[in-house]
Asks: 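Before we start, here is the structure in question, set down as structure tokens.
Read the numbers this way: they start at 1 and go in the same order the structure lists the ligands and their atoms.
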Amino acid sequence: MHKVVVAGGSFAGLTAAFDLKRRLGSDVEVTVISKSDQFVFIPSLIWLVPGWRTESQISFPLAPSFQKKGIRFVHDAIARIEPERNLVHTTNGAEPYDYLVVCTGPYLNFAAVPGTGPEGGYTQSVCNLPHAQIARRRWQEYLRDPGDIVVGATQGASCLGAAYEMALNQAYALVRAGIRDKVQVHFVTPEPYVAHFGLGGIEGGEAAVTRLLEKNQIQVHLNVAVDGITPDKIRLSNGEEIGYRYAALIPPFMGIEAVRNSPGIGDAKGFIPVNDYYQHSQIDNIYAAGIAVALASPDPTPVPTGAPKTAYMSEIMARTAAHNIAARIHKEKLSPVPIVDIQALCLLDAGNTGVFFMVDRLQRKTRRRTIVMPGPMMHVGKFMFEKYFMWKSRGGRTYLP
Ligand SMILES: Cc1cc2nc3c(=O)[nH]c(=O)nc-3n(C[C@H](O)[C@H](O)[C@H](O)COP(=O)(O)OP(=O)(O)OC[C@H]3O[C@@H](n4cnc5c(N)ncnc54)[C@H](O)[C@@H]3O)c2cc1C
């Protein structure tokens, strides 16, 4: 029996594990090792902060879902990969593998901009559940003694759509708290223009997102790096200094420590170089999917931005990796899906409205089809999508769109 180890239990890890088991059945033992024993629907963490969602509404325990499908689950963190011996070392031992799929997401590199981050810095983050819980606590304290807020992303950050969502949702939370007129909301971003998103923008996206920012009277600071930060002031690279009482900034991402500790696995930032089968470019029984994968920005900017790796892209990468591992085991034809050809479906939420984006080839500048649709239904759409995605993932129905 072939042993496949999947590291990570989120968008990419769940898809890889369920798809492998479905395709290979009793020919394979699938083991998922994840640092968290929960699946968390990360796109809804923006709603956890103002208290519009609870943990139980946007997460579920992984073990029962895997158990039902005959997948072994190990709640542990991988510490190092030893490809010469086909071993993954964890905090508590080691797992042998015939194939390894690395889906471990990002390391949040707050150290790149000293003073940022909720642990040892002054800014909040919604990139994972523990950070969003701290951000919620700080938001409740802030509401008792409000003042101006700064939201956005630091130089080198990817996932810039989430920064817009944070700013728009926090502006809307201030409206609901009845204090919007007392607070100036600042949005800081390394992007050269609104909705560049680290990829050169999407036709119609800049106008749609600018309208939302203007309607919400959010003051935008474009093309800036964060030069320094103190408990009450942010200094930007254009010389501006902004006072704040609450700040939330997306940091740059790196690959996780375990990859950076394993020579030959990751690039300089700890991301994994892959080919069109999501197979490691040098090691043929290691695959990767999701944020763990190395991806160059298709449109480098004067102040650096990172290329986005969305949840949908993460699922497609994982599905392709699983399909090709199964095809190798069954000696069938392999099917490549170049990363530049993956489409993107995204809902940028603004609290009571939003913008839907559909792009056929997110990472290319020449696209054949782009849809940008703003309106209140997009907020409802994101809520419905959360419910659908939780149902689909909890039941292992990763074959559904
Ligand atoms: C606030 C926010 C909003 C977003 N909104 C959207 C959106 O609207 N639409 C969209 O498409 N995308 C959105 N994204 C992006 C989306 O969340 C990511 O694309 C997605 O989470 C990537 O999935 P992943 O499985 O690669 O990594 P992750 O979701 O980061 O998961 C990583 C997994 O690896 C595990 N792990 C980490 N380290 C270890 C270790 N050492 N050992 C074992 N396991 C480990 C973790 O526990 C976790 O299970 C948003 C992101 C953020 C932060």
Side-chain angles (χ1 to χ4, degrees), residues 5-17 31-49 58-59 62 73-81 88-92 95 101-108 124-132 135 151 153 157-167 169 197 248 250-251 253 255-262 270-272 278 288-293 295 307-318 321 342-349 354-357 359 362 378 381-382 385-386 389 393:
V5 171
V6 177
S10 184
F11 290 89
L14 273 183
T15 305
T31 300
V32 175
I33 306 173
S34 178
K35 194 163 92 171
S36 167
D37 61 353
Q38 304 281 313
F39 172 83
V40 176
F41 189 75
I42 293 174
S44 289
L45 291 177
I46 47 163
W47 292 333
L48 192 99
V49 178
I58 61 166
S59 64
L62 289 170
F73 178 63
V74 178
H75 181 202
D76 201 350
I78 68 162
R80 192 166 54 88
I81 300 163
V88 184
H89 296 272
T90 67
T91 321
N92 296 306
E95 280 288 334
V101 192
V102 182
C103 305
T104 42
Y107 169 82
L108 307 176
Q124 304 306 310
S125 149
V126 288
C127 294
N128 60 37
L129 180 60
H131 285 179
V151 182
S158 40
C159 216
L160 294 155
Y164 287 97
E165 288 193 300
M166 276 192 315
N169 274 271
F197 296 140
I250 306 252
F253 290 173
I256 64 157
E257 230 176 325
V259 172
R260 285 181 279 125
N261 286 344
S262 308
F271 292 120
I272 300 179
Y278 300 92
I291 292 182
V293 161
L295 178 60
K309 297 168 200 161
T310 66
Y312 182 77
M313 282 173 76
S314 303
E315 286 183 84
I316 301 294
M317 293 184 214
I342 299 180
Q343 66 168 356
L345 300 169
C346 274
L347 281 159
L348 191 149
D349 185 69
V355 185
F356 171 71
F357 293 95
V359 176
L362 186 66
M378 305 314 145
K382 180 141 187 167
F385 182 68
E386 173 204 287
F389 199 89
S393 305

Asks: Would you call the rings of Phe357 and Phe197 parallel, tilted or perpendicular if under 30° counts as parallel and over 60° as perpendicular?
Replies: perpendicular
Asks: Can you find a heavy atom in the side chain of Ser158 that is under 4.5 Å from one in the side chain of Lys309?
Replies: no
Asks: Side-chain contact test, heavy atoms from C-beta onward, threshold under 4.5 Å: evaluate it for Val40 versus Asn128 and give yes or no.
Replies: no
Asks: Just checking Phe39 against Phe11, ring centres under 6.0 Å apart?
Replies: yes
Asks: Would you check if Ile78 and Thr104 make a side-chain contact, meaning some heavy-atom pair closer than 4.5 Å?
Replies: yes
Asks: Going by side chain to side chain contact (heavy atoms under 4.5 Å, CB included), name the residues that satisfy it together with Ala318, two or more places apart in sequence or in a different chain.
Replies: Ala12, Thr15, Ala16, Ala289
Asks: Under a 4.0 Å heavy-atom cut-off, which residues neighbour ligand 1?
Replies: Gly8, Gly9, Ser10, Phe11, Ala12, Ile33, Ser34, Lys35, Ser36, Ile42, Pro43, Asp76, Ala77, Ile78, Cys103, Thr104, Gly105, Pro106, Val126, Cys127, Cys159, Ala162, Glu165, Ile256, Gly290, Ile291, Lys309, Thr310, Ala311, Tyr312, Ser314, Leu347, Lys382
